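Data first, discussion second: the structure below is written as structure tokens.
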Amino acid sequence: MRRIVTIGEIVVEVMATERGDGFLEPLSLVGPFPSGAPAIFIDQCGRLGQPCGMVGRVGDDDFGRLNLRRLAADGVDVSAVSVDPEAATGSAFVRYRPDGDRDFVFNIRRSANAGIALDAAARALVASADHVHVMGSSLFSPAVVAATEEAVATVKARGGTVSFDPNARRELLAAPGMRAALSGLLDRCDLFLPSGPELTLLTEVDTEEAAVGEILARGVGAVVVKRGAAGAEFHDASGRIAQPAFAVEEVDPTGAGDCFGGAFVTCWLRGMPPAEALRYAAAAGARAVTRRGPMEGASTFAELDAFLAAARV
Ligand code: ATP
Ligand code: MG
């Protein structure tokens, strides 16, 4: 089986139990939950039984230990997650607004995540990988961009593949050199996994339909567009396949895109036809939103099969 690696932030997430605006008064909070977009993605791959590992850095604290324990328990190789003796594990506080928007307080750039680098353990993991998944949100420093580019080059040089989820935050794109870095990653990926509005983020054209055409023409093998409760679609040279979202009660949408991505990439690497991979991915995304906590709703194949059998669509 093909081994997947990813590089990036590991954080705990702490969320407000009630909706509202921001964090300017005392609130009831729940957490810490293991989190970080690439960590959620790779945890989903691990739960599906795919060989996988992560390059990251946590603090020598319980926030770090709870992430390491969860990833390891779900089958993720954490030998390349280093422990910073001084800096604390990253964190994200989140509160949902009444309209579904979110307010965040992040501590990522100045947490243990700041020290992410390809050390000997990380190079050994990357050297054993057949696929690298890149999360745009992880490219928060020149050091992580360099580590990611080296991993992509290493994996591609040995005939491996690359997937790229821009997971873009506005402030990220404004950073010097970031647009060029993201654009370069788009050109080198085999699978591009944007949310709908991210389709046009890095293209010359400004309509979503034209953007899909431009991205495929740039040499990307396939584009998988995520549209939340409106579903997803797959595009490649042979056409388009639509996948409606499964009807579920949404408790917490955070992590849906990462679980969807982890499931899609796992199925794609196993050689499943795109329609089948999409169905599993949509089931993984749907199950993810039914649980509070970004990684709590990641699924095994047995859980996805049971969900799909009950859904009958
Ligand atoms: P984010 O904006 O948090 O980065 P994303 O754009 O990466 O998210 P989404 O589109 O929110 O990812 O979710 C990925 C997939 O998960 C969707 O395409 C859909 O299949 C499934 N999904 C998401 N939300 C729901 C929902 N409320 N009900 C059913 N399925 C959902
Ligand atoms: Mg996303």
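Order of listing sets the numbers, starting from 1, for every ligand and every atom in it. As the structure is a computational prediction, the values presented were derived from the model and not from experiment.
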Check residues 36-43 and write down every donor-acceptor pair under 3.5 Å in which the side-chain atom is one partner and the other belongs to a residue at least two apart or another chain.
none

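Those atoms of ligand 1 that come under 4.0 Å of a heavy atom in Val248, given as number and element, are 28 (N), 29 (C). Residue Ala282 approaches ligand 1 through these ligand atoms, each under 4.0 Å from one of its heavy atoms: 20 (O). Which parts of ligand 1 touch Ala245 is read off a 4.0 Å heavy-atom cut-off, strictly below it: atoms 29 (C), 30 (N). Within ligand 1, the atoms closer than 4.0 Å to a non-hydrogen atom of Gly257 are 5 (P), 7 (O), 12 (O), 13 (O), 14 (C), numbered from 1 in the order shown. Against a heavy-atom cut-off of under 4.0 Å, Arg102 is close to the following atoms of ligand 1: 3 (O).
For the residue pair Thr254 and Arg102, a side-chain donor N or O sits within less than 3.5 Å of a side-chain acceptor on the partner. Using a 3.5 Å distance cut-off with no hydrogens or angles, the side chains of Arg287 and Ser299 do pair a donor with an acceptor. Side chains of Thr200 and Asp206: a donor-acceptor N/O pair is absent below 3.5 angstrom, by distance only. Using a 3.5 Å distance cut-off with no hydrogens or angles, the side chains of Tyr96 and Asp101 do not pair a donor with an acceptor. Using a 3.5 Å distance cut-off with no hydrogens or angles, the side chains of Arg158 and Ser128 do not pair a donor with an acceptor. A donor atom on one side chain and an acceptor atom on the other are found under 3.5 Å apart for Ser137 and Glu9.
At under 3.5 Å, not a single nitrogen or oxygen of Asp165, backbone or side chain, sits near a nitrogen or oxygen of ligand 1. Considering backbone and side-chain atoms together, Asp258 places no N or O closer than 3.5 Å to any N or O of ligand 1. Ligand 1 has an N or O atom lying under 3.5 Å from an N or O atom of Gly231, backbone or side chain.
The proximity of Asn167 to ligand 1, defined as any non-hydrogen pair under 4.0 Å, is limited to the side chain. By the criterion of a heavy-atom distance under 4.0 Å, both the backbone and the side chain of Lys226 are placed next to ligand 1. Only backbone heavy atoms of Arg227 (N, CA, C or O) come within less than 4.0 Å of ligand 1; its side chain stays farther off.
Residues Gln50 and Met1 approach most closely at OE1-SD, 3.7 Å, considering heavy atoms.
Residue Phe93 is not grouped with residue Ile10 when hydrophobic side chains (ILVMFWY) are merged at heavy-atom distances under 4.5 angstrom, including chains of intermediate members.
Within the structure, ligand 1 lacks Arg287 among the residues with a heavy atom less than 4.0 angstrom away.
When Gly136, Gly261, Ala37, Ser195 are checked for heavy-atom proximity to atom 2 (O) of ligand 1, Ser195 turns out nearest. Looking at Pro294, Gly285, Ala232, Gly228 and measuring to atom 17 (C) of ligand 1, the nearest heavy atom belongs to Gly228.
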